[in-house]
Amino acid sequence: MTTAPTKKKLKRKTVPELRARKGGEPIVCLTAYTAPTAELIDPHVDLLLVGDSLAMVLYGMDSTLGISLDTMIGHGKAVVRASRQALVSVDLPFGSYQESKEQAFRNAARVMAETGCQSVKLEGGIEMAETVRFLTERGIPVCGHVGLTPQSVHTIGGFRSRGRDHDEATRIVEDAKAIAEAGAFMVVLEGTVEPVAARVTEETPVPVIGIGASPRCDGQILVTEDVVGMFTAFRPKFVKRYAELGEELSAAVKTFAADVRTRRFPESEHCFRSEPRKITG
Ligand code: KIV
């Protein structure tokens, strides 16, 4: 008897494994919001982030503020289901953790239990350290996020790069250290000038993952749709395009539409041709 080939179960990367990569081989991270994307990119990355950037990239919002916890959980479930070896982290959305450490625990626990992800990410530095400690001491691995924190876009006054003056630079370094000392296993550093990114990486005892924060970090993260040309509303300076899938999609759909209109599609190979069977009684 033959058996159907089974998918070999791969061991997922763990929080301690990634934590131990400080100063070592660069850590590769990308966002994933859906099952098909997660399945395609999982073999190539160390960490998949279900980022709240999906508010802008998938839902067309003009900031990340409007996305709900339930929506993040739905996308988190899909990404965990479709991935096999990358560690999955899910963003806690705006308003789901800032009120109190108890609120943060309740919502982070829901995200972990309902999605099966291995960690959550939250934004903020010194002011969130107590919350990070509360979560990590209770079994919730936390990835921090400092520098440009998109959930504070209205306080900051836009998506501008950070660390350009002495006070701001010092605060970013202190923020990253505070979050790491509170137990975060990793810190995302966004939109921060290179000399400050270098200091943050040097002085923070856990891996610092840059996005728009120069090569002087322990790893890099980008939004996958930016990398492959599927998000064209705007392109931040720090994005490198590795493909133009948006253009390919548009060209493919244009050809499909023309084929339907001229009856070139479907062709015989796309049809079920057999004659109906005679029913004998
Ligand atoms: O929401 C997100 O995708 C992020 C990354 C860009 C770091 O936080």
Side-chain angles (χ1 to χ4, degrees), residues 4-5 7 10 28-45 47-86 88-91 93-94 114-117 150-151 153 158-159 190-191 211-212 220-278:
K7 266 192 183 173
L10 293 176
V28 182
C29 314
L30 278 173
T31 59
Y33 313 135
T34 63
T37 299
E39 187 165 4
L40 286 169
I41 70 178
D42 170 70
H44 310 291
V45 302
L47 181 146
L48 289 170
L49 173 68
V50 185
D52 60 356
S53 53
L54 63 80
M56 301 168 80
V57 177
L58 291 191
Y59 291 93
M61 300 177 184
D62 59 11
S63 78
T64 58
L65 303 187
I67 210 72
S68 70
L69 187 65
D70 285 342
T71 303
M72 292 303 299
I73 288 175
H75 286 278
K77 279 182 190 171
V79 169
V80 170
R81 234 180 256 136
S83 59
R84 296 202 293 151
Q85 69 84 36
V88 178
S89 191
V90 177
D91 267 354
F94 177 67
E114 292 182 31
T115 68
C117 71
Q151 291 180 9
V153 60
F159 295 101
E190 180 163 354
I211 171 163
Q220 298 291 326
I221 184 163
L222 284 175
V223 168
T224 298
E225 281 73 2
D226 282 337
V227 172
V228 300
M230 283 291 288
F231 180 67
T232 50
F234 62 90
R235 191 203 302 195
K237 174 183 162 62
F238 54 78
V239 167
K240 179 171 175 186
R241 279 272 161 80
Y242 287 80
E244 292 296 347
L245 298 194
E247 284 173 16
E248 274 202 47
L249 178 107
S250 171
V253 169
K254 191 173 165 196
T255 309
F256 167 74
D259 281 0
V260 171
R261 290 188 182 111
T262 56
R263 298 192 183 281
R264 279 198 301 262
F265 176 85
E267 296 158 59
S268 61
E269 73 204 77
H270 309 119
C271 299
F272 302 103
R273 288 262 178 217
S274 62
E275 294 295 325
R277 255 181 282 139
K278 282 208 182 80

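Excluded from the calculations below are hydrogen atoms, water molecules and symmetry mates; all remaining heavy atoms, backbone and side chain alike, are included.
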Roughly how far apart are [X] [atom1] and [Y] [atom2], rounded to 0.5 Å?
{"X": "Leu245", "Y": "Thr224", "atom1": "CG", "atom2": "OG1", "value": "10.5 Å"}
{"X": "Thr232", "Y": "Glu247", "atom1": "OG1", "atom2": "CD", "value": "9.0 Å"}
{"X": "Phe256", "Y": "Arg264", "atom1": "CZ", "atom2": "CZ", "value": "12.5 Å"}
{"X": "Met230", "Y": "Arg241", "atom1": "CE", "atom2": "CZ", "value": "10.5 Å"}

Point to revise | Non-neighbouring partners of His270 that pass ring pair (Phe, Tyr, Trp, His ring centres under 6.0 Å), sequence neighbours left out | key: Phe265
Exercise for review: Identify, with sequence neighbours excluded, every residue that meets ring pair (Phe, Tyr, Trp, His ring centres under 6.0 Å) alongside Phe231.
Suggested key: Phe234
Does some side-chain heavy atom of [Y] sit less than 4.5 Å from a side-chain heavy atom of [X]?
{"X": "Asp226", "Y": "Arg235", "answer": "no"}
{"X": "Ile221", "Y": "Glu190", "answer": "no"}
{"X": "Thr31", "Y": "Val50", "answer": "no"}
{"X": "Ser53", "Y": "Tyr33", "answer": "yes"}
{"X": "Ile211", "Y": "Gln220", "answer": "no"}
{"X": "Leu58", "Y": "Thr34", "answer": "yes"}

Compare every heavy atom of [Y] with every heavy atom of [X], then report the nearest pair and how far apart it is.
{"X": "Asp52", "Y": "Ile67", "result": "CB-CG2, 4.1 Å"}
{"X": "Ala38", "Y": "Ala82", "result": "CB-CB, 4.1 Å"}
{"X": "Asp91", "Y": "Met72", "result": "O-CE, 3.6 Å"}
{"X": "Ala32", "Y": "Val79", "result": "O-CG2, 3.4 Å"}
{"X": "Val88", "Y": "Cys117", "result": "O-CB, 3.5 Å"}
{"X": "Ser63", "Y": "Ala55", "result": "O-CB, 3.6 Å"}

Exercise for review: Could you give me the CA-CA distance, side-chain angles and deciding distance for Thr64 and Phe94, then say whether side chain to side chain contact (heavy atoms under 4.5 Å, CB included) is met?
Suggested key: CA-CA 8 Å; Thr64 58; Phe94 177 67; 5.9 Å; no
Point to revise | Among Asp42, Leu222, Leu49, the one residue meeting side-chain contact (heavy atoms from CB on, under 4.5 Å) with Leu30 | key: Leu222
Practice item. Keeping to residues at least two apart or across chains, list the ring pair (Phe, Tyr, Trp, His ring centres under 6.0 Å) pairs with something in residues 51-81. Key: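 Every ring pair (Phe, Tyr, Trp, His ring centres under 6.0 Å) pair that includes a residue of residues 51-81, provided the two are not neighbours, is Tyr59-His75.
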Practice item. Determine whether more than 12 heavy atoms belonging to other residues, nucleotides or ligands lie under 6.0 Å from atom CG of Asp62. Key: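 Check fails, neighbour count at 12 or below.
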Check your understanding: Ignoring hydrogens and geometry, is there a side-chain-to-backbone donor-acceptor pair from Gln85 to Val45 under 3.5 Å?
Key ->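 The answer is yes, because a donor-acceptor pair under 3.5 Å joins these two groups.
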Exercise for review: I would like to know whether His44 and Val28 meet side chain to side chain contact (heavy atoms under 4.5 Å, CB included); could you show each step before the answer?
Suggested key: CA-CA 8 Å; His44 310 291; Val28 182; over 6 Å; no
